[in-house]
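A short write-up of the structure that comes next.
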Amino acid sequence: MTNHEVLPLLGQVADSVSQAIAHARPELAGADPLVRRSEHADFQSNAALALAKRARTRPTELADALIAAVAGDRGPITRVDMSGPGFLNITVPDQLIWNQLAARLASLRLGVGTPNEGQRTVIDYSAPNIAKEMHVGHLRTTIIGDSLARVLGFLGAEVIRQNHLGDWGTQFGMLIQYLDEHPEATWHHDELEPGTSAASALDDLYRTARALFDADPEFADRSRRRVVALQSGDHDTVTRWREIVAESERAFRDIYDRLGVLLTPDDSVGESFYNHLLADVVTELTEAGIAVGSEGALVIFSEEVTGPDGNPIPLMVRKRDGGYGYDTTDLATIRYRIHDLKSNRLLYVTDSRQALHFQLIFEAARRAGWLTDNVEAAHVPYGTVLGPDGRPFKTRAGGTVRLMDLLDDSVARARAVVHEKDPDLPAEELDQIAEQAGIGAVKYADLSNSRIKDYTFDVDRMVSFNGNTGVYLQYAHTRIRSILRKAGDPHVVIDPTIELQPAERALALQLDAYDTALTEVGETLEPHKLCGYLYDLARAFTSFYEACHVLNAEEPVRGNRLALCQLTARTLRHGLNLLGISAPDRM
RNA sequence: GCCUCCGUAGCUCAGUGGAUAGAGCGAGGGACUUCUAAUCCCGAGGUCGCAGGUUCGAAUCCUGCCGGGGGCACCA
């Protein structure tokens, strides 16, 4: 096994057409060859149509010239025909296709390159609040962010995950004060019943404390003093706060483990981390004349965006009461990530409603000189998770949907579906399959919808074994593994002289395009394109499976088909892994 | 008011300049002595919100309009 990059056929064909363009019409050199997969051949190029006007000729004439130029080149193209108004239908030799597959099979990376090498990419995602339970609102950021971290890392980027925990704020004054006055309250993980989390217990206690804060002015006073104690570093208060953070993180980790996301405590860099930087940031922005006083507060007025009154929109650098909020923390954060982490790509995976906020943060960072042309900063927005009624997803009672409940529900439905299909499955195996299928279903449903749009959370649809679901892909993988097991998991050797059947050809071309699909995800930051690719791959395999028997075939056809099976299984497993979804060997 | 996202089959969604606009679900028909029928195959179903424009060519790009979501100072 090697790690050599295997250039996709599409790229090879595109290079060849580019050369043909430069050869036939030197003045058009460098033009896009517009090569795409085709229904009418292996590939097609639309270059003649697009460039005819610039070449001051008819598309068909330019197409003829390109065909002549391609013929004189020893490129990957075995046949090229003109069709319709000037499309070039391009066919590549069977042998070349087999060789591509052999090269990918021989590569640990499936021949995929590392186009993102040299990028140090910070991905900000998940960011739950300490002393609060993770809920449906954390689902998309966690799942999408994690998948992007995997894909970009695989493509060669140095990924720095940042879990920007909500671990700071006045609410901790109330909570700590309440815990102090109620030592009998149980909230540590080890004191709780199985199935409840410290985050859940703290969430409840916080609500109680909040009610008390509103009802009892003396408690409110003590809470406010506790906020001051926390901010000034009072030993006992900080110790208690740390304890709360640690217990909450433990609860988050249970969810992360279950979801199978990469986040670890090392990735936690919460809001509190930036406290010691805020004063500096404010000074710097003030001295630069970017932050200015307004109505007693210190703000940065946007030079690009205005509000309803027609006045520039401000970022709140320092509140009238002297406190710092979210805007200031995010300014300190972007400075830290650029100056200290030396990142040249910053991604913020958050709700689309924060678009304006990040636009303002990026603008301010640019004006401050932190964010330069060498650094890319992007908000990676996503839409809302909707319930069956088309409204933001809530429980029947109108409450927040806890993430753990949502996962339990999905796993339970998956369990029911699996049990119905195979009632004889031992309970232990059933549980294991249900967990993998249920979690995979939730993640896939989230990732397979286009990121920016809202999507409807529908458990029954997502655990279905039909259609574009995680379960379907997992199942496709197990079927292929089953064939390979029956064949004894052989070391396959491809005979490149065998003629390709249509279904084999379609599958092979799809396998060769994995690289292209991943690169596209790396550029657009849209994991649903990977989902779409894998679904198409699974369907191409199914067509192949129906049309071409593997185990009964004669050698050397059998060996080649086993190679197709092996590469498909590995690509499916690999792709699912980049989505953060497991690919079991049996279901 | 301004900004932004969305509008594609009955439903849920792909498709961002190319050939008859594609899947899944649902409804109809068919296929298990055959590598997992948890599957597959066949047919039905569309003024791509509306109207202009650019282009040889537009679901895709531009403009306007209609409808829906979201955002626009001391919460995060």
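Letters A, B, ... are given to chains in the order of the sequence lines, protein chains preceding strands, and every chain is numbered from 1. Bear in mind that the values here come from a model prediction, so they are computed numbers and not experimental data.
- The partner of B:rA9 is absent, by the rule that a Watson-Crick or G-U pair needs both atom distances under 3.5 Å.
- Distance from the side chain of A:D454 is smallest to B:rG69 among B:rG69, B:rC35, B:rC5.
- Rounded to a whole angstrom, the distance from the C1' atom of B:rU33 to that of B:rG22 is 37 Å.
- Residue A:Y472 has its side chain nearest to B:rC40 when only B:rC40, B:rC13, B:rA73 are considered.
- When the P atom is compared between B:rC5 and B:rC62, the two are found 10 Å apart, to the nearest whole Å.
- Looking only at distances, a side-chain donor or acceptor of A:S45 sits under 3.5 Å from a matching main-chain atom of A:P33.
- Other residues, nucleotides and ligands place more than 12 heavy atoms under 6.0 Å from the CD atom of A:E555.
- B:rG30 and B:rG18: their P atoms are spaced 40 Å apart (whole Å).
- Contact annotation: A:S352 side-chain N/O to B:rG70 OP1/OP2 distance is not under 4.0 Å.
- For A:V550, the side-chain contact (heavy atoms from CB on, under 4.5 Å) partners are A:I483, A:F544, A:R561, A:L562, A:C565, not counting sequence neighbours.
- Counting atom types as modelled, A:E39 pairs no side-chain N or O with a base atom of B:rA19 as donor and acceptor under 3.5 Å.
- At least one side-chain nitrogen or oxygen of A:K453 sits closer than 4.0 Å to the OP1 or OP2 atom of B:rG7.
- The pair A:E429-A:R586 does not meet the salt-bridge criterion, since no charged nitrogen lies less than 4.0 angstrom from a carboxylate oxygen.
- Rounded to whole Å, the P atom of B:rC42 lies 9 Å from the corresponding atom of B:rA23.
- When each of A:L534, A:L530, A:L447 is checked for a side chain to side chain contact (heavy atoms under 4.5 Å, CB included) with A:L578, only A:L530 meets the rule.
- One donor-acceptor pair, N or O on each side, does fall under 3.5 Å between the base of B:rA19 and the side chain of A:N89.
- The side chain of A:Y326 has B:rA76 as its nearest neighbour among B:rG70, B:rU20, B:rA76.
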Scoring nucleotides 24-33 of chain B by protein non-hydrogen atoms under 4.0 Å (B base, S sugar-phosphate only, - none) yields SS--------
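- Using a 4.0 Å cut-off between charged nitrogen and carboxylate oxygen, A:D454 and A:R391 do not count as a salt-bridge pair.
- No hydrogens or angles were tested; on distance alone, a donor-acceptor pair under 3.5 Å links the side chain of A:S83 to the base of B:rA19.
- B:rU47 sits 25 Å from B:rG24 when the C1' atoms are compared, rounded to a whole Å.
- Listed nucleotides B:rU34, B:rU36, B:rU55 differ in distance to A:K486; the shortest reach to its side chain belongs to B:rU36.
- In this structure, A:F87 does not pack face-to-face on the six-membered ring of B:rG18, missing the 5.5 Å centre cutoff or the 30° plane limit.
- Stacking here means ring centres nearer than 5.5 Å and ring planes tilted less than 30 degrees, and by that measure A:H549 does not stack onto B:rU34.
- Comparing B:rC72, B:rC40, B:rU36 by their closest approach to the side chain of A:E546 singles out B:rC40.
- Among the nucleotides B:rC13, B:rU36, B:rA73, the one closest to the side chain of A:T456 is B:rC13.
- Among the nucleotides B:rU36, B:rA19, B:rA76, the one closest to the side chain of A:S38 is B:rA19.
- Taking the P atom of each, B:rA21 and B:rC66 are spaced 31 Å apart, rounded to whole Å.
- Atom CZ of A:R37 has more than 12 neighbouring heavy atoms from other residues, nucleotides or ligands inside a 6.0 Å radius.
- Of the candidates B:rG7, B:rU36, B:rA73, B:rU36 carries the atom nearest the A:R479 side chain, counting heavy atoms from C-beta on.
- Atom name P, nucleotides B:rG46 and B:rA9: the rounded distance is 10 Å, in whole Å.
- Under 4.0 Å is where a charged nitrogen must lie from a carboxylate oxygen, and between A:D409 and A:R402 no such pair does.
- When distances are taken from the side chain of A:H528 to each of B:rC74, B:rG15, B:rC13, the shortest belongs to B:rG15.
- A gap of 23 Å separates the P atoms of B:rC56 and B:rA51, to the nearest Å.
- The side chain of A:E295 lies closest to B:rA73, out of B:rC6, B:rG18, B:rA73.
- A:L49 comes within 4.0 angstrom of a base, heavy atoms only.
- Crowding of A:E304 atom CD: a count of heavy atoms from other residues, nucleotides or ligands under 6.0 Å exceeding 12.
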